[in-house]
Amino acid sequence: MPELPEVETVVRGLRSLITGQTIQRAEVYREKTVPGSTPQAFAAAIQGHTIKSVTRRAKYLLFQLEPNSVLLGHLRMTGKFVVADPPSEPAPHDRAWFWLGNGQVLIFTDMRNFGTLELFPSATEIPKLQVLGPEPLTEDFDARYLYPRLKASSKEIKPFLLDQRLVAGIGNIYASEILFASSVLPQRSSHSLKKKEVQAIVENTRRILLSAIEYNGTSVSDFRQVDEKTGEFQNFLQVYDKESQPCPRCEVPLQRIVQQQRSTFFCIGCQK
DNA sequence: AGCGGAACCTGTCGGC
DNA sequence: TGCCGACAGGTTCCGC
């Protein structure tokens with residue numbers, strides 16, 4: 001499900017609702033949702049902690065807790081966070097409940113069970129965050145960074161944009177959109193890209209992700225904001241999930257191919 | 001080291 | 001109508 005803009009939307013939604021709240025009690029309903037721990041140990045470890053802040057790194061959510069610790073969440077494909085008055089019992093897909101001091105409950109729910117919650121002593125001690133590439137919306141991500149890395153790679157450009165070690169936060173929808181906006185074919189080998197094309201990818205990445213954040217993300221099937229509303233950026237997608245539809249730029253029917261087991265959408269007419 | 005492919009899960013949709 | 005395969009916004013692991 002969620003890529004950088006969707007996770008950012010969730011983080012912003014949560015921030016106003018749970019910052020400053022103390023987790024009075026927690027219950028975890030599925031063992032594998034808390035890898036490396038057990039439902040009981042996880043619940044015991046987190047209870048009594050106050051949520052100081054909610055932030056994002058790539059597609060991860062970081063809940064800074066006090067006393068010092070970090071709850072690291074990943075939504076994977078179908079994970080969601082909801083804040084609500086406590087329902088009488090957990091819904092079938094609810095994986096964890098956190099009772100807050102204000103009487104509400106923070107619910108982590110996840111139909112497909114890929115999403116995870118993990119506790120760490122501090123953010124600097126999370127190995128998987130350390131291998132991530134730069135955030136695409138910071139100054140670190142520019143053509144000077146990207147060009148030499150593409151030059152050194154024989155991978156196809158679209159799968160390479162999904163590599164979180166190269167740049168962190170782009171997923172399957174936005175990768176197709178970015179390459180369409182940049183007029184670059186997704187199957188081009190990364191090292192074949194000209195400087196101008198790399199510059200276009202940098203600029204379009206920034207523009208598209210910022211715009212998607214502004215529209216609260218993309219709801220293709222089941223992404224929802226914390227308040228259960230859909231995002232609106234699906235109304236602005238140019239190619240994703242639009243196989244056979246006319247290209248918005250040149251009218252040639254859009255195509256779908258599979259790269260590294262994932263769908264890619266593009267226009268054979270105007271992407272070069 | 002780096003690659004491709006399978007695995008982790010559940011639900012939905014389209015074709016026969 | 002019903003069954004069966006394909007597919008879904010992501011990451012990790014395994015074998016070569």
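Lettering of chains follows the sequences in order, A, B, ..., and the numbering in each one begins at 1.
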Chain A contact limits on DNA chain B, taken 5' to 3' with a cut-off of 4.0 angstrom to heavy atoms = dC3(B) to dG11(B)

message = Using a heavy-atom cut-off of 4.0 Å across all strands, would you classify Tyr60(A) as base, sugar-phosphate, or nothing?
response = sugar-phosphate

request  = Assign Arg95(A) to base, sugar-phosphate, or nothing according to its heavy-atom contacts below 4.0 angstrom with the strands shown.
outcome  = nothing

Between N or O atoms, less than 3.5 Å apart, protein on one side and nucleotides 5-8 of chain C on the other: list the pairs.
from, atom 1, to, atom 2, distance (Å)
dC7(C), OP1, Arg256(A), NH2, 3.4
dA8(C), OP1, Ser263(A), OG, 2.3
dA8(C), N3, Arg112(A), NH1, 3.1

key: side chain to side chain contact (heavy atoms under 4.5 Å, CB included) involving Lys229(A) - partner list, sequence neighbours excluded   = Gln225(A), Asp227(A)

key: Gap between atoms CD and P, on Glu3(A) and dG9(C) respectively (whole Å)   = 8 Å

ask   = If you look only at pairs with a residue in residues 170-181 of chain A, which of them pass as a side-chain hydrogen bond (donor to acceptor under 3.5 Å, both in side chains), with sequence neighbours excluded?
value = Glu6(A)-Tyr174(A), Lys158(A)-Asn172(A), Tyr174(A)-Thr218(A)

request  = Output every pair passing side-chain hydrogen bond (donor to acceptor under 3.5 Å, both in side chains) with a member in residues 15-26 of chain A, not counting sequence neighbours, ordered by first then second residue.
outcome  =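 Only Thr22(A)-Thr50(A), Arg25(A)-Glu27(A) qualify under side-chain hydrogen bond (donor to acceptor under 3.5 Å, both in side chains).
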
message = Counting runs of three or more consecutive pairs, Watson-Crick or G-U wobble, with each distance below 3.5 Å, where are the stems of DNA chain C?
response =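 Paired runs of 3+ in DNA chain C: B:2-8 with C:10-16, B:10-16 with C:2-8.
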
query = Looking at residues at least two apart in the chain, or sitting in another chain, which of them share a salt bridge (charged side-chain N to carboxylate O under 4.0 Å, His left out) with Lys195(A)?
reply = none

Give every donor-acceptor pair under 3.5 Å between a side-chain atom in residues 245-259 of chain A and any protein atom, sequence neighbours left out.
from, atom 1, to, atom 2, distance (Å)
Arg249(A), NH1, Phe180(A), O, 2.9
Arg249(A), NH2, Phe180(A), O, 3.0
Arg256(A), NE, Ser263(A), OG, 2.9
Arg256(A), NH2, Ser263(A), OG, 3.0
Gln259(A), OE1, Thr264(A), OG1, 2.7
Gln259(A), NE2, Glu156(A), OE1, 2.7
Gln259(A), NE2, Pro186(A), O, 3.2

Anything under 3.5 Å between a donor and an acceptor, one on a side chain of residues 125-137 of chain A, the other on a protein residue two or more places apart or in another chain? List them.
from, atom 1, to, atom 2, distance (Å)
Glu125(A), OE2, Ser122(A), OG, 3.2
Lys128(A), NZ, Glu118(A), OE1, 2.6
Lys128(A), NZ, Glu118(A), OE2, 3.4
Gln130(A), NE2, Thr124(A), O, 2.7
Glu135(A), OE1, Arg56(A), NH1, 2.8
Glu135(A), OE1, Arg56(A), NH2, 3.1
Glu135(A), OE2, Arg57(A), NH1, 2.9
Glu135(A), OE2, Ala58(A), N, 2.6

query = Quick one: ring pair (Phe, Tyr, Trp, His ring centres under 6.0 Å) partners of Tyr147(A), sequence neighbours excluded?
reply =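 For Tyr147(A) there are no ring pair (Phe, Tyr, Trp, His ring centres under 6.0 Å) partners, ignoring immediate neighbours.
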
key: Non-neighbouring partners of Tyr240(A) that pass ring pair (Phe, Tyr, Trp, His ring centres under 6.0 Å), sequence neighbours left out   = Phe265(A)

query = What residues form a side chain to side chain donor-acceptor pair (under 3.5 Å) with His49(A), not counting sequence neighbours?
reply = Ser69(A)

